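Being a predicted model, the structure only gives us computed values, none of them experimental.
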Amino acid sequence: MKRPGKRLPSARSLLGTALALVALLASVPPAAASSASPSGGSPRPVVAVAQGALRGQSRDGAQEFLGVPYAAPPIGDARLRAPAPPPRWTGVREATRQSPACLQFSPFGLSDPAAVSEDCLYLDVYRPRTARPGARLPVIVWMHGGAYSQGTGTQFGGRTMADLTQSVVVSINYRLGQLGYLQLPKLGRENSLRSGSFGLMDQVEALRWTRANIAAFGGNPGSVTISGQSAGSGSVCALLAAPSAAGLFHRAVLQSGPCSLLGTPDRADAEGQARAFATAAGCTSSAEVATCLRAASGAALVAAARTLPTRGPAAGDGLLPVAPARAIGSGAWNKVPVLIGSTRSEARFFVALTQPYLTAEQYTAQILAGHGAAGPEVLARYPVATYGSPYLALSAVMTDSTFACHTAWTAQSFASQVPTYVYEFDDPRSPTLAGAQVPGLDESNAHSAELAYLHDFTMGERPLDPAQVALGNRMKRYWAAFARFGAPVVPGQTAWPPTGVGAGAGAVLTLDPAGTRTTASFESEHQCAFWRTQPPRSL
């Protein structure tokens, strides 16, 4: 608990710090495309990709191919370089074990913190048990969150989604921290895009691999949806604005990461941070900085980054010429239908982990310090008495001023150009992430709450109950229908209309175990008209 009178951080700096430190607590013809298991049981599926044959396994009603390389290992002299194509292999490669997570630059998020490696550019593919080449099933490519500094795609299984919705799910790893995002000019000059956003390059490379190979799994390379949450949603924003990603996907899903909220560092700022990181790593000679950074141990690089958190891909190079929000606002982006949303109380997660036992006096002081002349009005709109505790009041302020309203505003920018569908996840009994619970606090509907409903998620605090499983199945069907048709149309489920354009015109689907429904009051409930008058906020 913070001492009374101690200077408290602003809501903006609190949320930025929390996101930086915490997040999710990684050719065989059809007739011969199987192989008997060693025990003589059911045949194991075999699929041929461009690099060779893969033998997967059947599990929980679906088939999975794990630890599939989509790029060459970025190790040794390949560290801090653009991804290269994966090597070929002879014979049949076993694809039944997931790869390690990429090197983690934040100390949270993995159930096994030791299961990391720089050799991590792998993906997992999940398909229905009946899938065959030529089935042309919709494809969903998932990008995990974690503030661009931690996390792994291996925590997000796609077996249930694939089996329930007859879709193919791909979950990827990509480089993190300063190994993924380091805008040193010397490194940028080593690739044609003049960029140090290697994590974003990895994502583009994974999409290229998917386009070239997914038909062998029964997927449709002409129906690829990119999907991500938190920093993964920020990655989707970047891919929407990246010229090199054009044509590699056909729909986009953004979960709890609206493009107008996720600030993109400019080139000069990113280069300054990169130089500070190189100095902290002991690489002070500009002529030898690349060689020095490639020779350093992974542990030394993580230590050097401890006080220099990354902010993801920077704008101003050939990979990402313009910041995503600006590109989308101008109409110069990779236009595809969009599904976008947030959870009802996103910021409970961050407040619970940083200042859970805030007093009423501290809450008042923080709002007045963080909101300047508007502070008294913020207090009048978000009184402690209405919300029941300073923790819940501050969570509401931060949720509304950041995630909720920026989701509405980003959706409006999309909706003026493409079909756009908006949701709010609202389960007042939802579990949170394992290890993130604070005694006595209601953390339902917080950031990342929806993940367990859409994935075979390994970091949930507890299993879903039957009503929550039913909600998760409805959500999976909506997401898969959007991936298939570009519209979340599911017979027997609540109609989900596209959002309109203009104040009060936005239709939002509320996802609640008690009953899915549409509403036009999302912006008024989150007081977005007021927050639009306040200085812009970004993470």
Side-chain angles (χ1 to χ4, degrees), residues 138-141 161 165 167 220 222-229 233 236-237 239-241 249-262 324-325 327-344 346 403-426 450 453-454 471 473-512 515-526 528-529 532:
V139 180
I140 302 171
V141 178
M161 172 76 84
T165 67
S167 58
N220 181 0
S223 182
V224 174
T225 297
I226 53 174
S227 180
Q229 183 263 353
S233 180
V236 172
C237 292
L239 290 165
L240 290 171
F249 58 90
H250 312 90
R251 331 257 190 257
V253 177
L254 298 91
Q255 298 173 208
S256 299
C259 304
S260 63
L261 175 65
L262 297 165
I328 293 162
S330 73
W333 57 289
N334 302 320
K335 292 182 181 178
V336 296
V338 169
L339 190 154
I340 181 172
S342 59
T343 68
R344 178 72 179 177
E346 295 270 3
F403 287 97
C405 293
H406 278 275
T407 292
W409 301 333
T410 297
Q412 289 283 296
S413 184
F414 283 131
S416 66
Q417 304 173 66
V418 298
T420 302
Y421 300 85
V422 187
Y423 74 87
E424 182 174 58
F425 176 86
D426 185 10
E450 86 283 17
Y453 296 70
L454 286 165
L471 171 61
N473 288 342
R474 293 198 298 274
M475 292 170 63
K476 292 180 180 75
R477 293 188 186 101
Y478 278 130
W479 263 240
F482 177 75
R484 186 183 298 272
F485 305 117
V489 178
V490 181
Q493 295 190 184
T494 302
W496 187 345
T499 195
V501 178
V508 176
L509 187 78
T510 300
L511 298 164
D512 182 337
T516 304
R517 60 194 184 279
T518 57
T519 178
S521 60
F522 177 87
E523 291 190 48
S524 62
E525 290 174 7
H526 291 286
C528 295
R532 193 182 283 277

| note | Nearest heavy-atom approach of Val418 to Thr420 is O-OG1, 3.0 Å
| said: I need the minimum non-hydrogen distance between Gly486 and Tyr421, along with the two atoms involved. | reply: O-CE1, 3.7 Å
| query | Ignoring hydrogens and geometry, is there a side-chain-to-backbone donor-acceptor pair from Trp496 to Val422 under 3.5 Å? | reply | yes
| message | How close do Ala495 and Thr518 get, counting heavy atoms only, and between which atoms? | response | O-CG2, 3.5 Å
| Straight-line distance of Glu523 CD to Trp409 CH2, nearest 0.5 Å | 8.5 Å
| Among all residues two or more places apart in sequence or in another chain, which pass the side-chain contact (heavy atoms from CB on, under 4.5 Å) test with Val489? | Ala487
| query | Atom CG of Asn334 and atom CG of Leu239: how far apart are they, to the nearest 0.5 Å? | reply | 8.5 Å
| note | d(Thr499 OG1, Tyr423 OH) to nearest 0.5 Å is 14.0 Å
| message | So, using ring-ring contact (aromatic ring centres under 6.0 Å, His included) as the criterion, who are the partners of Phe482 when residues are at least two apart? | response | none
| task | Drop me the distance from Asn473's CG to Gln493's CD, to the nearest 0.5 angstrom. | result | 9.0 Å
| task | Using only heavy-atom distances, determine whether the side chains of Ser167 and Thr165 contain a donor-acceptor pair under 3.5 Å. | result | yes
| task | With sequence neighbours left out, write down each residue that passes side-chain hydrogen bond (donor to acceptor under 3.5 Å, both in side chains) with Trp479, or none if nothing qualifies. | result | Gln255
| Heavy-atom side-chain proximity of Thr519 to Glu424 below 4.5 angstrom | no
| query | Of the non-hydrogen atoms in Ala480 and Ile140, which two are nearest, and what is the gap between them? | reply | CA-CD1, 4.4 Å
| query | Got a sec, which residues hit ring-ring contact (aromatic ring centres under 6.0 Å, His included) with His250, two or more places apart in sequence or on another chain? | reply | none
| message | Minimum heavy-atom separation for Pro497 and Ala507, please, with both atom names. | response | CG-CB, 3.9 Å
| Set of residues satisfying side-chain contact (heavy atoms from CB on, under 4.5 Å) with respect to Ala241, sequence neighbours excluded | Leu320, Pro324, Ala327
| said: Checking Thr343 now: which residues fulfil side-chain hydrogen bond (donor to acceptor under 3.5 Å, both in side chains) with it, not counting sequence neighbours? | reply: Glu346
| said: Using 0.5 Å steps for rounding, measure from the CG atom of Leu509 to the OH atom of Tyr478. | reply: 5.0 Å
| field | Residues forming a side-chain hydrogen bond (donor to acceptor under 3.5 Å, both in side chains) with Tyr453, sequence neighbours excluded | value | Asp427, Gln468
| Residues in side-chain contact (heavy atoms from CB on, under 4.5 Å) contact with Ser330, at least two apart in sequence or another chain | Ala332
| task | Can you sort out the partners of Arg251 under salt bridge (charged side-chain N to carboxylate O under 4.0 Å, His left out), two or more places apart, ordered by chain and number? | result | none
| side-chain contact (heavy atoms from CB on, under 4.5 Å) partners of Val336, counting only residues at least two apart | Leu240, Phe249, Ala252
| Taking it one step at a time, do Leu471 and Leu511 satisfy side chain to side chain contact (heavy atoms under 4.5 Å, CB included)? | CA-CA 7 Å; Leu471 171 61; Leu511 298 164; 4.2 Å; yes
| request: Using modelled atom types only, decide if a donor and an acceptor are shared between the side chain of Gln412 and the backbone of Thr407 within a distance under 3.5 Å. | output: no
| With sequence neighbours excluded, what pairs up with Asp426 under the salt bridge (charged side-chain N to carboxylate O under 4.0 Å, His left out) test? | none
| query | Parallel, tilted or perpendicular for His526 and Phe522, by the 30°/60° rule? | reply | tilted
| query | What residues form a side-chain hydrogen bond (donor to acceptor under 3.5 Å, both in side chains) with Thr410, not counting sequence neighbours? | reply | Ser260
| Looking at Arg344 and Glu450, does any basic side-chain N land under 4.0 Å from a carboxylate oxygen? | no
| said: Looking only at the side chains, is there a donor atom on one of Gln229 and Ser233 sitting less than 3.5 Å from an acceptor on the other? | reply: no
| request: Considering non-hydrogen atoms only, spot the tightest contact between Ser416 and Ser413 and give its length. | output: OG-O, 2.9 Å
| note | To the nearest 0.5 Å, atom CG of Leu254 lies from atom OG of Ser227 at 8.0 Å
